[in-house]
Amino acid sequence: MSMLEGKLAAVTGGSRGIGREICRALSLAGADVAFLYAGNEEAAAETLEIIKSAGVRGFSYRCDVSDAECVRASFGELLGELGGVDILVNNAGITRDGLSMRMKDEDFDRVVAVNLAGAFYCSRAVIPTMMKKRSGKIINMTSVSGLTGNAGQANYSASKAGLIGLTKALARELAPRKITCNAVAPGFVETDMTAAFRDNAELEKSIPLGRFARAEEVAEVVKFLASPAADYITGEVIRVDGGLAI
Ligand code: NAP
């Protein structure tokens, strides 16, 4: 029997990048996978195909995670059709970089709304069924920027540091019901988000392991945290950063 057979995983931002690789890894481990995406239909269709080709059930929902009503409706539909979510991966995230003194209100607010409030809304939507089952895994995609801060990313660093606080609060709150909540903190990963920084020798030199991560290297850690092997880990932040934040 596969490690996650019989489990239902929900992944936000599953259409591209790290989220797609998480969908792939969880489906190959035997889980049915539902994912949320913002609007890239073509990418979402490709991810759905990847999930289904693993021989499990796949579902996609176009939903802006910062829209509490949309999150409520999407998870309502998902839970109504499929019962409880066993694994939630809050992976959807955006950047709107700029120096603080010039950062517009809307750029600060939007990044916090998607990266932090979105993770809260999705967690809140699945917690009741996890509590009923007395089991569940919530995994939040934070960032090294949330641990160390990053110039030009006040909004992003604040949202990702907030996500670590959310992770620890939920870990404490949900532990009595055997639900764990952990975070993964990547450094630089080869995705659309970092396309502008690719092939930057200076940047690569700043990473002890000398290269960006591949998205699947992050997905493997998420799969571990979603598995029974991680049942005794909660409130933890695991860096997947090639040593960037040592
Ligand atoms: P990406 O390639 O830009 O993909 C972003 C994903 O999030 C897409 O699936 C996108 O959907 C979805 N998304 C964006 N806004 C959304 C919203 N409002 N509601 C629902 N879904 C939304 O990003 P990535 O590099 O894979 O990053 C994934 C996560 O890892 C993010 O939280 C990011 O902050 C974090 N991270 C990334 C790096 C890195 O180096 N790449 C490093 C540290 C942390 P559409 O396809 O529909 O647009």
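Remember, it's 1-based here, ligands and their atoms both numbered in the order they're listed.
- Within the 4.5 Å cutoff, the side chain of Arg198 has heavy atoms near those of the Glu190 side chain.
- With a 4.5 Å cut-off on side-chain heavy atoms, Asp67 and Tyr121 do not count as touching.
- Ion pair Glu106/Lys104 not flagged as a salt bridge, since none of the NZ, NE, NH1 or NH2 atoms sits closer than 4.0 Å to an Asp/Glu carboxylate oxygen.
- Taking each of Tyr156, Tyr61, Phe188 in turn, the one with a heavy atom nearest to atom 36 (N) of ligand 1 proves to be Tyr156.
- Closest non-hydrogen pair, Asp241 versus Gly187, comes out as CB-N, 3.6 Å.
- Among all protein heavy atoms, the one lying closest to atom 41 (N) of ligand 1 is Thr191 OG1, 3.0 Å.
- One finds a salt bridge joining Arg211 and Glu217 here, because a Lys/Arg side-chain nitrogen approaches an Asp/Glu carboxylate oxygen to under 4.0 Å.
- Every N/O-N/O distance between Val114 and ligand 1 stays at or above 3.5 Å.
- Residue Thr142 has no N or O atom closer than 3.5 Å to an N or O atom of ligand 1.
- Here the protein heavy atom with the shortest distance to atom 12 (C) of ligand 1 is Gly13 CA, 3.5 Å.
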* Would you check, one step at a time, whether the test side-chain contact (heavy atoms from CB on, under 4.5 Å) holds for Cys70 with Asp64? => CA-CA 7 Å; Cys70 184; Asp64 175 354; 5.5 Å; no
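- Contacts between Glu190 and ligand 1 below 4.0 angstrom, taking non-hydrogen atoms only, are absent altogether.
- Protein heavy atom in closest approach to atom 5 (C) of ligand 1: Gly93 O, 4.0 Å.
- What sits closest to atom 19 (N) of ligand 1 on the protein, heavy atoms only, is Val65 N, 3.0 Å.
- Ring planes of Phe188 and Phe197: perpendicular class, angle over 60° (limits at 30 and 60°).
- Annotation for ligand 1: atoms under 4.0 Å from non-hydrogen atoms of Ser143 are 43 (C), 44 (C).
- For the pair Ser66 and ligand 1, no heavy-atom separation below 4.0 Å is found.
- Residue Asn115 has no N or O atom closer than 3.5 Å to an N or O atom of ligand 1.
- Side chains of Asn182 and Glu236: a donor-acceptor N/O pair is absent below 3.5 angstrom, by distance only.
- Of all protein heavy atoms, the one closest to atom 40 (O) of ligand 1 is Val189 N, 2.7 Å.
- To the nearest 0.5 angstrom, Phe75 atom CZ is 5.5 Å from Leu88 atom CG.
- Every atom of ligand 1 with a heavy atom of Tyr37 under 4.0 Å away is listed here by number and element: 20 (C), 21 (N), 47 (O).
- Residue-level proximity to ligand 1 for Arg110 is carried by the side chain, the only part with a heavy atom below 4.0 angstrom.
- With a heavy-atom cut-off of 4.0 Å, Thr95 does not touch ligand 1 at all.
- Listed by number with element, the atoms of ligand 1 under 4.0 Å from a non-hydrogen atom of Thr194 are 39 (C), 40 (O), 41 (N).
- Heavy-atom separations between Ile94 and ligand 1 include at least one value shorter than 4.0 Å.
- Atom numbering of ligand 1 starts at 1 in the shown order; those under 4.0 Å from a heavy atom of Pro186 are 42 (C), 43 (C), 44 (C).
- Distances shorter than 4.0 angstrom do not occur between any heavy atom of Glu42 and any atom of ligand 1.
- Residue contacts with ligand 1, taken as heavy atom pairs separated by less than 4.0 Å, involve Ile18 via backbone and side-chain atoms alike.
- Judged purely by distance below 3.5 Å, without hydrogens or angles, the side chains of Asn140 and Thr167 pair a donor atom with an acceptor atom.
- Given atom 31 (C) of ligand 1, the protein heavy atom at minimum distance is Asn91 O, 3.1 Å.
- Side-chain polar atoms of Asn90 and Ser123 form a donor-acceptor pair below 3.5 angstrom.
- Separating the CG atom in Leu170 from the SG atom in Cys181 is a distance of 4.5 Å, to the nearest 0.5 Å.
- Environment of CZ in Arg172: sparse, with no more than 12 heavy atoms of neighbouring residues, nucleotides or ligands closer than 6.0 Å.
- Comparing Gly187, Cys63, Ala119, Ala38 against atom 42 (C) of ligand 1, the shortest heavy-atom distance belongs to Gly187.
- Close contacts between ligand 1 and Asp64 involve ligand atoms 17 (C), 18 (N), 19 (N) [criterion: under 4.0 Å to a heavy atom].
- Leu4 contributes atom CG, which lies 10.0 Å from atom OG of Ser27 (distance to the nearest 0.5 angstrom).
- Rounding to the nearest 0.5 angstrom, the gap separating the NZ atom in Lys7 from the CG atom in Asp86 is 5.0 Å.
- For a threshold of 3.5 Å applied to N or O pairs, the pair formed by Ala43 and ligand 1 contains no separation below that value.
- Considering backbone and side-chain N/O of Leu36, none are found under 3.5 Å from N/O of ligand 1.
- For ligand 1, the atoms sitting less than 4.0 Å from at least one non-hydrogen atom of Asn40 are 45 (P), 46 (O), 47 (O), numbered in the order shown with element in parentheses.
- Taking only nitrogen or oxygen atoms, main chain and side chain alike, Arg16 reaches within less than 3.5 Å of ligand 1.
- Listed by atom number, the atoms of ligand 1 under 4.0 Å from Gly17 heavy atoms are 2 (O), 26 (O).
- Side-chain atoms of Arg110 and Ser66 include a donor-acceptor pair closer than 3.5 Å.
- Annotation: Ser15 places an N or O atom under 3.5 Å from an N or O atom of ligand 1; distance criterion only.
- At the top of the distance list for atom 30 (O) of ligand 1, counting protein heavy atoms only, stands Met141 CG, 3.2 Å.
- With respect to the salt-bridge test (charged N to carboxylate O, under 4.0 angstrom), the residues Glu49 and Lys52 do not qualify.
- Closest approach of Ser15 and Asn40 over heavy atoms only: CB-O, 4.4 Å.
- Within the 4.0 Å heavy-atom cutoff, Arg20 does not count among the residues contacting ligand 1.
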